[in-house]
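To start, the structure under review is shown below, and the notes come after it.
Below, read A as the first sequence line, B as the second, and so on, with proteins coming before strands; counting in each chain starts at 1. Owing to the predicted nature of the structure, the values given are computational and were not obtained by experimental measurement.
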Amino acid sequence: MSVSNASGWPMFFRREGVRGFALMSPSFLFALLLLAVPIGVIITFSFWTQNYLDIDTTLTLQNYREVFEKPIYGVLLQRSLIVAGSVTFLTVILAYPLAYYVAFHVHQRKALWIFLITIPFWTSYLLRIFAWKLILGYNGVVNTSLMEIGLIEEPLDFILYNMNAVILTLSHAWMPFAILPIYVSLQKIDRSYLEAATDLGDGPIRRFLRVTLPLSLPGVLAAMVVVFIPTIGDYVTPKLVGGTDGLMIANMIQVQFGKANNWPLGAALAVTTMVTVTLVATGFVFFAKWLGGRAR
Amino acid sequence: MRFKFLTLYAVAFMIFLYLPVLFLPLFSFNDSTIVAFPLKGFTLEWYENLLSETTMHQAFFNSMQVGWSTAVISTLLGICAARAVTRYNFFAKKSITAFVMLPLVLPEIIVAISLLVVILWLGFNLSLISVTLGHILMTVPFSTAVLISSFEGFDQSLEEASMDLGEGPFMTFMRVTLPMVAPGIISSLLITFTISLDEFIVAFFLTGTEPTLPIYIWGQLRFIAKLPNVVALGSILLFSSFVLLCIAELVRRRAQRRTGIEGSIL
């Protein structure tokens with residue numbers, strides 16, 4: 001008995017599961033403390049109310065009532081959904097052919113292509129938006145060039161500070177992120193399936209629609225989720241290139257935590273956004289499943 | 001025919017991807033206070049101006065401090081997590097791993113405001129430490145992903161051989177495992193450092209009185225007269241990120257050739 005007691009503790013640590021868990025726990029605890037707990041606090045805050053300088057901790061749905069009743073929040077959320085949806089659609093449609101090209105038509109230096117595609121994603125996000133501002137601005141590259149060659153006499157003022165500028169800038173920023181998952185799923189496709197389709201008489205288009213596309217849908221889905229989620233929560237792009245017509249829900253959240261100093265309302269907006277994002281992402285998953293089922 | 005069209009598309013796409021940011025270095029050498037075409041001439045004035053901007057130097061040092069702390073801590077966390085994921089089976093492994101990777105797919109503003117509320121609510125002040133904590137949270141998924149691919153890439157029998165030859169678990173890790181995954185560690189350090197150096201959204205909420213470089217740039221964007229300086233600073237930042245990422249990629253590839261495993265950053 002005394003022997004097993006003496007070795008009980010070290011034996012416990014020698015067990016596989018315990019060791020793995022122990023190794024994982026620093027990252028896990030870190031994420032728990034700095035992510036799960038804070039999000040829990042935000043959810044709690046959303047049921048409290050701001051009472052001038054104090055926070056009233058009686059639980060109430062008042063913030064959510066305000067979010068749903070005041071039209072401004074609905075408009076901003078709807079616009080964020082439209083912008084994020086358009087950006088997702090554009091990036092996936094534009095990224096797919098490139099991912100396809102690298103997966104099927106590049107035979108040497110594939111890794112170099114992937115590296116070149118990812119570099120812009122790692123460079124400063126703020127600077128990329130700023131670059132677009134330089135391009136689209138009143139005195140920007142587009143306007144000054146068009147005036148130089150005499151196509152227009154006055155600078156065009158409709159190309160910056162609106163929703164389209166936001167969509168363009170965001171699509172450009174997230175393009176690399178969309179290419180990777182699509183590329184990975186195309187790369188995984190067993191080439192003998194394609195040969196089989198050809199042998200069985202499918203032309204290139206039919207083969208693409210019936211074999212390649214359905215098999216790459218998981219990648220397309222991952223790309224959609226990975227692009228949609230960050231774009232809906234962006235506030236820098238709308239602020240720099242969006243003007244007043246391009247502002248999104250995250251700008252409002254930022255204002256509530258900043259100037260307006262109404263944390264509970266901001267928290268309610270953040271929770272509403274999170275729930276919306278989760279619903280839409282789930283919608284994507286079901287849509288892809290339905291599409292995958294139909295294609296077969 | 002289809003092949004040629006795709007090649008053309010790919011080339012056009014790469015131009016579209018790179019062109020916007022290339023305007024920054026182009027205008028940074030332009031001899032005009034207005035950042036626009038036509039180009040007026042070559043100058044290094046904007047770069048020279050940066051030498052005397054003391055607030056920018058402070059922001060630079062702040063960014064370095066945050067960057068290195070983030071890189072070291074998130075890589076250490078990543079090493080533990082990657083080791084656990086590749087080598088062991090444990091309770092709720094999939095859910096725990098997914099949870100650690102979660103910051104990758106959460107809107108950054110949510111991460112930022114939740115941290116902000118908790119830090120202020122607990123009575124701490126916003127400082128470089130709060131920015132660093134936020135950055136670690138965001139970079140752990142990246143360091144874990146990079147390190148998982150290098151831990152997967154080596155033969156476990158090497159470790160067993162070391163144990164059979166009488167080394168303890170710690171010495172085996174130091175003398176066998178660590179040298180094998182060293183390239184992954186270096187590339188994780190460089191990538192997380194680059195992310196932290198360029199990160200804006202989380203830093204914006206969690207910065208106190210000491211700005212990091214992107215926060216400094218954001219502040220300068222309001223002053224039209226300062227725009228050329230910002231463009232020069234931005235070009236330097238772009239160039240440094242580019243160099244750091246190239247080194248990370250080269251290190252990773254050399255390691256791949258050694259272990260013979262294909263893989264990518266993501």
Which portion of [X] sits near chain A, non-hydrogen atoms under 4.5 angstrom:
| X | answer |
| --- | --- |
| Leu115(B) | both |
| Leu221(B) | side chain |
| Phe27(B) | side chain |
| Ile113(B) | both |
| Ile110(B) | side chain |
| Ser241(B) | side chain |
| Ser235(B) | neither |

What is the minimum heavy-atom distance between [X] and [Y], and which atoms define it?
| X | Y | result |
| --- | --- | --- |
| Tyr18(B) | Pro120(A) | OH-CD, 3.7 Å |
| His172(A) | Pro20(B) | NE2-CG, 3.5 Å |
| Phe30(A) | Leu133(B) | CZ-O, 3.8 Å |

Interatomic distance, [X] atom [atom1] to [Y] atom [atom2] [nearest 0.5 angstrom]:
| X | Y | atom1 | atom2 | result |
| --- | --- | --- | --- | --- |
| Phe242(B) | Ile119(A) | CZ | CD1 | 4.5 Å |
| Leu17(B) | Arg128(A) | CG | CZ | 8.5 Å |
| Phe204(B) | Gln254(A) | CZ | CD | 4.5 Å |
| Glu249(B) | Ile114(A) | CD | CD1 | 10.0 Å |
| Thr97(B) | Phe28(A) | OG1 | CZ | 10.0 Å |
| Ile109(B) | Asp234(A) | CD1 | CG | 8.5 Å |

Q.
A side-chain contact here means heavy atoms from C-beta on lying under 4.5 Å apart; do Leu116(B) and Phe257(A) qualify?
A.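 In contact.
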Between Trp218(B) and Leu240(A), is there a side-chain heavy-atom distance shorter than 4.5 Å?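 The answer is yes; the side chains approach within 4.5 Å.
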May I ask you to name which of [options] has the most heavy-atom pairs under 4.5 Å with chain B?
| options | result |
| --- | --- |
| Ala173(A), Gly266(A), Ala36(A), Pro97(A) | Pro97(A) |
| Ile117(A), Ile232(A), Val271(A) | Ile117(A) |
| Gly140(A), Ala31(A), Pro38(A) | Pro38(A) |
| Leu116(A), Val226(A), Thr273(A), Val102(A) | Leu116(A) |
| Val41(A), Ile43(A), Leu94(A), Thr231(A) | Leu94(A) |
| Gly233(A), Gly258(A), Ala267(A) | Gly233(A) |

Heavy-atom proximity to chain B below 4.5 Å, by part of [X]:
| X | value |
| --- | --- |
| Met175(A) | side chain |
| Lys110(A) | neither |
| Phe45(A) | side chain |
| Leu98(A) | both |
| Leu112(A) | both |
| Leu134(A) | side chain |
| Phe130(A) | side chain |
| Ile135(A) | side chain |

So for atom [atom1], which belongs to [X], do other residues, nucleotides or ligands contribute more than 12 heavy atoms lying within a distance under 6.0 Å?
| X | atom1 | result |
| --- | --- | --- |
| Phe16(B) | CZ | yes |
| Phe170(B) | CZ | no |
| Ile129(B) | CD1 | no |
| Leu122(B) | CG | yes |

Please identify, among [options], the residue contributing the most non-hydrogen atom pairs under 4.5 Å to chain A.
| options | answer |
| --- | --- |
| Leu237(B), Ile136(B), Leu197(B) | Ile136(B) |
| Ile195(B), Ile201(B), Val21(B) | Ile201(B) |
| Leu227(B), Thr194(B), Ile119(B), Ile96(B) | Ile96(B) |
| Lys93(B), Arg83(B), Met14(B), Glu108(B) | Met14(B) |
| Ala10(B), Ala92(B), Gly78(B), Gly234(B) | Ala10(B) |
| Val100(B), Val117(B), Leu19(B), Val111(B) | Val117(B) |

| task | Would you check if the side chain of Ser114(B) reaches a backbone N or O of Ile42(A) as a donor-acceptor pair within less than 3.5 Å? | result |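 Side chain of Ser114(B) to backbone of Ile42(A), a donor-acceptor pair under 3.5 Å: no, none is there.
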- Message: Treating Tyr101(A) as the side-chain partner and Leu8(B) as the backbone partner, does any N or O pair qualify as donor plus acceptor under 3.5 Å?
- Response: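 Not confirmed, Tyr101(A) side chain does not pair with Leu8(B) backbone.
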Name the orientation class of the two ring planes belonging to [X] and [Y] (parallel below 30°, tilted from 30 to 60°, perpendicular beyond 60°).
| X | Y | answer |
| --- | --- | --- |
| Trp121(B) | Trp48(A) | tilted |
| Phe21(A) | Phe90(B) | perpendicular |
| Phe200(B) | Tyr235(A) | tilted |

| request: Start with the C-alpha gap between Leu137(B) and Leu35(A), add the side-chain angles, then the distance that decides, and say whether side chain to side chain contact (heavy atoms under 4.5 Å, CB included) holds. | output: CA-CA 8 Å; Leu137(B) 187 67; Leu35(A) 188 67; 3.9 Å; yes
